[in-house]
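Notes for the one structure printed next.
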Amino acid sequence: MTKTLILSTMEMDNPSAAVEEILSQIDLEKDLLTNSIGIISCHHEFATLGAIKDICNALPFDVVGIVASPLTDGTTADVFLLSILVITSDDVEFIIAETPSLLSDIEEGIIQSYKKANSHKNEKPTMVFAYAPFMIQNSGDTYVKALTDATNNAPIFGSLAMDFSEDFANCYTIFNDKHYADKMIVISAYGNLHPKFHVANISPEKISDQKALVTKSNGHAVIEVNNRPVRDYFESLGLLKASETFSAMSNIPFLVDYKDGTPMVSKIFVNLTSEGHALFAGAIPENSDIFVARTDKADVLATTGQLIDQILEDAPNALAILAYPCVVRTLALGSDYLGELEMVSQKVTDKIPLLMSYSGGEFCPTQITDEVAINRFHNNAFVVCVL
């Protein structure tokens with residue numbers, strides 16, 4: 001048996017009141033089964049002001065997640081909210097791995113910390129929840145590759161922390177009473193869990209039919225497109241001036257076709273380096289095709305709404321919906337920055353427990369077979385795990 005419940009508070013600057021409110025929403029003796037885990041999203045000041053420490057110390061299970069803002073618990077959509085999705089089960093086991101600093105030896109650190117934590121397990125996990133800070137010098141694709149290798153191609157779902165500040169100073173991961181600016185926290189779930197994964201991206205009509213070939217790249221830096229400097233590519237699109245700033249490019253995602261039969265994945269432009277290379281928020285491999293796209297408020301709401309409607313039709317008795325839309329989608333929403341959260345909350349209402357928070361980059365499979373999950377790192381996407 002597996003159950004879920006949502007715990008929430010807005011008592012950001014009053015830790016004792018936050019603990020009291022959280023504990024009022026759960027009966028620790030009656031609600032919890034053999035194994036439990038809490039997945040948290042919250043405004044960064046819950047960490048820096050100490051409320052997270054007191055809340056986690058008051059709960060008899062591990063709590064893992066990210067700083068994220070804004071978010072919704074299915075009832076309230078707000079910037080200054082803390083919400084925990086509790087998964088409790090008699091037949092699912094949860095194992096947590098904490099990596100060393102992601103400032104160096106990234107892949108080795110992830111792989112070895114995972115192997116150490118899961119060394120007593122012979123099978124691969126049913127799924128993995130992964131949480132890391134947003135670090136502009138790192139690519140989320142590196143995290144996905146390392147975890148996919150470590151877990152023998154298990155499905156990976158999760159998010160990069162995002163604090164909405166200009167300098168990304170408070171993009172923390174959370175593990176119980178501690179928060180980190182440079183560590184990934186990984187939950188491996190084993191047992192009778194049947195997750196389904198979904199990705200909403202950009203409507204096809206918003207994607208240009210003019211493709212370009214990436215002829216030289218290095219990780220998440222694109223150096224040449226169509227055998228010419230990437231600056232020439234931006235100039236051909238009329239985007240050279242816009243490419244000088246992230247904000248001017250925020251509503252112009254790039255769709256990457258890996259040309260391997262898998263769905264295209266969205267990547268967002270970050271900046272032009274001093275060498276004239278285009279830095280993206282995810283790796284773009286050589287010999288892939290890229291398509292420029294444009295997104296707007298109507299498309300954000302349409303793509304998200306259509307996916308949620310389909311989920312509610314296909315899985316009306318789901319245990320929970322855990323969703324991470326990219327923070328760039330809020331820029332397309334303009335002054336209605338809570339609109340996507342509020343729409344999803346209204347659709348889900350009391351049907352299924354919901355935790356949805358904005359992301360600095362999304363981990364989600366695009367294809368799954370019995371043997372292999374094709375895990376991807378997304379930008380500008382709306383990714384959902386239905387439990």
Side-chain angles (χ1 to χ4, degrees), residues 38-53 56 62-71 79 82-84 96-114 117 128-147 150 156-187 219-220 246 267-268 270-271 279-283 322 324-328 330 355 357-364 375-381 383:
I39 296 177
I40 187 171
S41 292
C42 64
H43 187 275
H44 69 86
E45 289 190 3
F46 278 98
T48 56
L49 296 178
I52 283 178
K53 180 177 181 179
C56 292
D62 290 318
V63 177
V64 172
I66 50 168
V67 158
S69 182
L71 64 143
V79 172
L82 176 150
S83 189
I84 302 172
I96 300 174
E98 174 186 321
T99 73
S101 173
L102 299 172
L103 293 172
S104 62
D105 297 326
I106 299 171
E107 292 192 49
E108 187 67 13
I110 292 172
I111 291 170
Q112 293 306 318
S113 59
Y114 173 85
V128 169
F129 299 94
Y131 298 99
F134 179 87
M135 302 169 70
I136 196 167
Q137 68 270 41
N138 291 352
S139 166
D141 290 273
T142 304
Y143 306 153
V144 169
K145 180 182 183 302
L147 273 179
I156 297 165
F157 183 84
S159 175
L160 299 186
M162 176 53 61
D163 71 341
F164 238 111
S165 68
E166 291 187 4
D167 59 357
F168 312 114
N170 303 295
C171 296
Y172 303 122
T173 48
I174 298 163
F175 182 16
N176 292 336
D177 59 352
K178 296 181 173 60
H179 57 278
Y180 302 105
D182 64 343
K183 291 186 177 184
M184 172 183 277
I185 313 298
V186 177
I187 307 167
H220 58 314
F246 168 75
K267 305 291 183 182
I268 57 172
V270 177
N271 61 23
L279 197 66
F280 287 80
L322 178 61
Y324 298 114
C326 183
V327 69
V328 173
T330 65
L355 173 56
S357 64
Y358 278 98
S359 168
E362 305 81 56
F363 309 129
C364 187
N375 296 305
R376 298 295 193 199
F377 176 67
H378 307 258
N379 306 132
N380 202 64
V383 303

[atom1]/[X] to [atom2]/[Y] distance, rounded to the nearest 0.5 angstrom?
| X | Y | atom1 | atom2 | result |
| --- | --- | --- | --- | --- |
| F134 | D163 | CZ | CG | 10.0 Å |
| L49 | H44 | CG | NE2 | 8.5 Å |
| F175 | E98 | CZ | CD | 6.0 Å |
| K145 | S139 | NZ | OG | 12.0 Å |
| E45 | L82 | CD | CG | 13.0 Å |
| M184 | L160 | CE | CG | 7.5 Å |

Does any part of the side chain of [Y], heavy atoms only, come nearer than 4.5 Å to the side chain of [X], both counted from C-beta?
| X | Y | answer |
| --- | --- | --- |
| F157 | L322 | yes |
| Y358 | T330 | yes |
| I110 | L102 | yes |
| L147 | N375 | no |
| Y143 | I156 | no |
| F363 | V128 | no |

How about CG on D105, more than 12 heavy atoms from neighbouring residues, nucleotides or ligands closer than 6.0 Å, or not? no
At their closest point, which heavy atom of [X] faces which heavy atom of [Y], and how far apart are they?
| X | Y | result |
| --- | --- | --- |
| I268 | N379 | N-OD1, 3.1 Å |
| E362 | P325 | OE2-C, 4.4 Å |
| I39 | L355 | O-CD2, 3.4 Å |
| F377 | D141 | CD2-OD2, 3.6 Å |
| C42 | I52 | SG-CD1, 3.3 Å |

What pairs with Y114 under ring-ring contact (aromatic ring centres under 6.0 Å, His included), at least two apart in sequence or on another chain? none
Residues forming a ring-ring contact (aromatic ring centres under 6.0 Å, His included) with H179, sequence neighbours excluded: Y172
Side chain to side chain contact (heavy atoms under 4.5 Å, CB included) for C326 and H378? Distances and angles first, verdict last. CA-CA 8 Å; C326 183; H378 307 258; over 6 Å; no
Could I get the full list of side-chain contact (heavy atoms from CB on, under 4.5 Å) partners for [X], not counting sequence neighbours?
| X | answer |
| --- | --- |
| L103 | S101, M135, Q137, D182 |
| A117 | I95, A97 |
| S357 | S41, I66, A68, L71, Y324 |
| S69 | H43, V79 |

T173 side chain to K183 backbone, donor-acceptor under 3.5 Å: yes
Would a distance-only check, ignoring hydrogens and angles, find a side-chain to backbone donor-acceptor pair under 3.5 Å from T99 to G109? no
